[in-house]
Amino acid sequence: MKKYFFLFVLIFLFPSHTFANTFLQTKIDGITLKVIQYDLSSENYELKVWVSDTATTLENLMLDNNWVSAVNGIFFCPSDYSECKWTSFTINERYVQGEKIAFYDDTGERVVYWWNKNKEPMLFQTGKINADKENEIFEGFANFPLLMKDWENMLEHYYDVGLIDKKMRAVSTRNFVCNDEKKENIYFWLVYGVSLDDLITVLSKFWCYDALNLDAWKSTAFIYNGRYLVWPQRNILDGLIIERKWLNVKEINEEAKKLSQKILSKINKKSLETKLTLLENIDKKLTDARGIIYTKYSNDIYDDNQSIVWYKIEIENLNILKKLYTINALQNYNKSQIQKIKEEIKNKK
């Protein structure tokens, strides 16, 4: 299999300036955060809201669109709840390229996190927050509770009106979106093992100035550079996505699919067990190849006790990003084949 691996080792070698798809991992008060930092001044990346008429996976949509990274979005009534009549839907407002998708005229207790055409992030709530600016919303979505506004904890109101239920008070993984005070960056994704109240403390120490709660639990999904870091346990209706200009994701996925099929054709006559071993070897090599790239383009930041307090992945180079995305796309197809063969072996016994 060395000659096949050589085909995608060629994916590596080359040397544009962007920092809008930066991955950050840190701990604040012992609580772990994994976050995407989107620099609003970026000319090479686009931050967008995606909306689907029917629930589906982030992965399926990434194959059909030109995305590199994506997270799930807002609350919705999922089809696995009987009270939703086995259909996924939401009443929460979404805004896509200036078009409003809404069930009601009034946001009620929901708050919209949005940005205008100039990439200026803001909040909106009917009659309460930036009430005269709804027509300026270019991309955004509504959810609750609003966590922070102008550094202030906004949860008290939601407790008062009875919208913070037992499930929301529990210690769990929380998803969020926020911006810093100067509105230079938008941050989003998740905080592990934290109560809703403690989440405010953590986010306030993580530069968040305005912050909105996003959906979590079974809906939590995250893809970074074409690869799932968290697999969702249910299909979703919308998300926050990042597109890299001049990166043809569809073309890369198609080439990766062809290469995967070519490898399968070469080992087609071998036993299931041998196929599995060969494909698992390829999977390891792809993992190692990705590790080489991330090692080169990541930094560990230490505290005074020489403990790692920050981990950061920041890739500026388009050619390197193409290679990384190719590795991840090929590994996605390879893992799919590994799973199929494992099922065949299991059924044969």
Side-chain angles (χ1 to χ4, degrees), residues 38 40 47-51 71-77 89-169 174-189 191 194-216 219 237-240:
Y38 180 84
L40 287 154
L47 183 65
K48 299 179 179 180
V49 171
W50 154 74
V51 173
V71 299
N72 63 292
I74 60 177
F75 291 153
F76 65 100
C77 201
F89 67 91
T90 184
I91 64 169
N92 291 19
E93 294 77 7
R94 282 82 58 83
Y95 299 78
V96 179
Q97 295 189 327
E99 178 187 354
K100 181 179 179 179
I101 304 168
F103 194 82
Y104 297 113
D105 292 331
D106 192 309
T107 60
E109 299 294 351
R110 300 176 300 279
V111 175
V112 180
Y113 188 91
W114 62 279
W115 52 95
N116 58 23
K117 288 185 177 181
N118 295 324
K119 292 185 177 182
E120 297 170 319
M122 299 185 198
L123 301 173
F124 168 78
Q125 188 177 23
T126 305
K128 295 179 181 178
I129 304 174
N130 291 320
D132 60 340
K133 293 185 180 293
E134 186 177 15
N135 63 340
E136 297 180 23
I137 299 176
F138 185 62
E139 302 268 352
F141 41 51
N143 212 47
F144 76 90
L146 176 62
L147 300 170
M148 299 172 66
K149 179 180 179 293
D150 303 340
W151 292 120
E152 292 187 29
N153 184 338
M154 302 302 291
L155 288 182
E156 184 176 352
H157 168 74
Y158 293 93
Y159 279 111
D160 290 344
V161 298
L163 286 176
I164 307 297
D165 60 21
K166 182 178 179 181
K167 184 177 179 181
M168 293 180 71
R169 289 194 297 269
R174 305 283 174 186
N175 290 12
F176 74 96
V177 58
C178 80
N179 56 266
D180 53 24
E181 183 177 12
K182 293 183 178 180
K183 299 188 176 183
E184 295 175 339
N185 298 280
I186 288 178
Y187 303 93
F188 55 90
W189 199 29
V191 184
V194 65
S195 68
L196 203 55
D197 290 296
D198 288 340
L199 177 63
I200 304 295
T201 303
V202 171
L203 294 183
S204 66
K205 295 179 181 180
F206 188 75
W207 316 306
C208 287
Y209 185 70
D210 299 318
L212 181 68
N213 185 54
L214 298 180
D215 200 5
S219 301
L237 287 173
D238 47 51
L240 191 57

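The shown structure was predicted, so the numbers you read here are calculated from the model rather than taken from an experiment.
Listed for the Y95 side chain is no donor-acceptor partner under 3.5 Å among the backbone atoms of E134. Y104 places no side-chain N or O within 3.5 Å of a backbone atom of I91 that could act as its donor or acceptor partner. When atom types are taken as modelled, the side chain of N179 and the backbone of E184 share no donor-acceptor pair closer than 3.5 angstrom. Of the possible donor and acceptor atoms, none in the side chain of E139 sits under 3.5 Å from a partner among the backbone N and O of V96. Using modelled atom types, one side-chain atom of T90 and one backbone atom of F75 make a donor-acceptor pair closer than 3.5 Å. Side-chain N or O atoms of K183 include none that pairs as donor or acceptor with a backbone N or O of E120 at under 3.5 Å. Checked by atom type and distance alone, the side chain of T107 never pairs as donor or acceptor with a backbone atom of Q125 at under 3.5 Å. Formation of a donor-acceptor pair under 3.5 Å by the D150 side chain with backbone atoms of E152 is not found in this model. Distance alone, capped at 3.5 Å, places no donor-acceptor pair between the N130 side chain and the K133 backbone.
The minimum heavy-atom distance between D105 and K100, with the atom names listed, is O-NZ, 3.7 Å. The two atoms that bring G108 and D106 nearest to each other are N-OD1, 2.7 Å, heavy atoms only. Nearest approach of P145 to L196, heavy atoms of both residues: CG-CD2, 4.0 Å. The shortest non-hydrogen separation linking E136 to N116 is O-CB, 3.4 Å. When all heavy atoms are compared, the tightest approach of A142 to V112 is CB-CG2, 3.7 Å. Nearest heavy-atom pair across L146 and A211 is CD1-O, 3.3 Å.
In this structure, OH in Y38 is found 5.5 Å from CG in L47, a value given to the nearest 0.5 Å. Atoms CG and CH2, from L240 and W50 in turn, are 11.5 Å apart once rounded to the nearest 0.5 Å. Atom-to-atom distance recorded for F176:CZ and F188:CZ is 9.5 Å, nearest 0.5 angstrom. The structure places CG of D180 at 5.0 Å from CG of N185, a figure rounded to the nearest 0.5 Å. Taken from CZ in R169 to CG in L155, the straight-line distance is 12.0 Å, to the nearest 0.5 Å. Rounding to the nearest 0.5 angstrom, the gap separating the CE atom in M148 from the CG atom in N213 is 13.0 Å.
Using a cut-off of 4.0 Å between Lys/Arg side-chain N and Asp/Glu carboxylate O, E99 and R94 are scored as not salt-bridged. In summary, R110 and E93 engage in a salt bridge, as defined by a charged side-chain N under 4.0 Å from a carboxylate O.
A heavy-atom distance below 4.5 Å is not found between the side chains of I164 and F144. A 4.5 Å side-chain heavy-atom check between F124 and T126 finds at least one atom pair inside the cut-off.
Atom CD of E181 has more than 12 neighbouring heavy atoms from other residues, nucleotides or ligands inside a 6.0 Å radius.
Each of V177, L147, N72 was checked for a side-chain contact (heavy atoms from CB on, under 4.5 Å) with L214, and the lone residue meeting it is V177. The side-chain hydrogen bond (donor to acceptor under 3.5 Å, both in side chains) with N143 is formed by just one residue from the set N92, N175, D215; it is N92.
In this structure, W151 has its ring center closer than 6.0 angstrom to the ring center of Y209.
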Practice item. Mind running side-chain contact (heavy atoms from CB on, under 4.5 Å) on V49 and V51 for me, showing each step along the way? Key: CA-CA 7 Å; V49 171; V51 173; 4.2 Å; yes
K149/L123 under side-chain contact (heavy atoms from CB on, under 4.5 Å): CA gap, chis, key distance, verdict
CA-CA 8 Å; K149 179 180 179 293; L123 301 173; 4.0 Å; yes
Please lay out, stage by stage, how I186 and W115 fare under the test side-chain contact (heavy atoms from CB on, under 4.5 Å). CA-CA 10 Å; I186 288 178; W115 52 95; 4.2 Å; yes
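Y187 and W207 have tilted rings, their planes meeting at an angle from 30° to 60° on a 0 to 90° scale.
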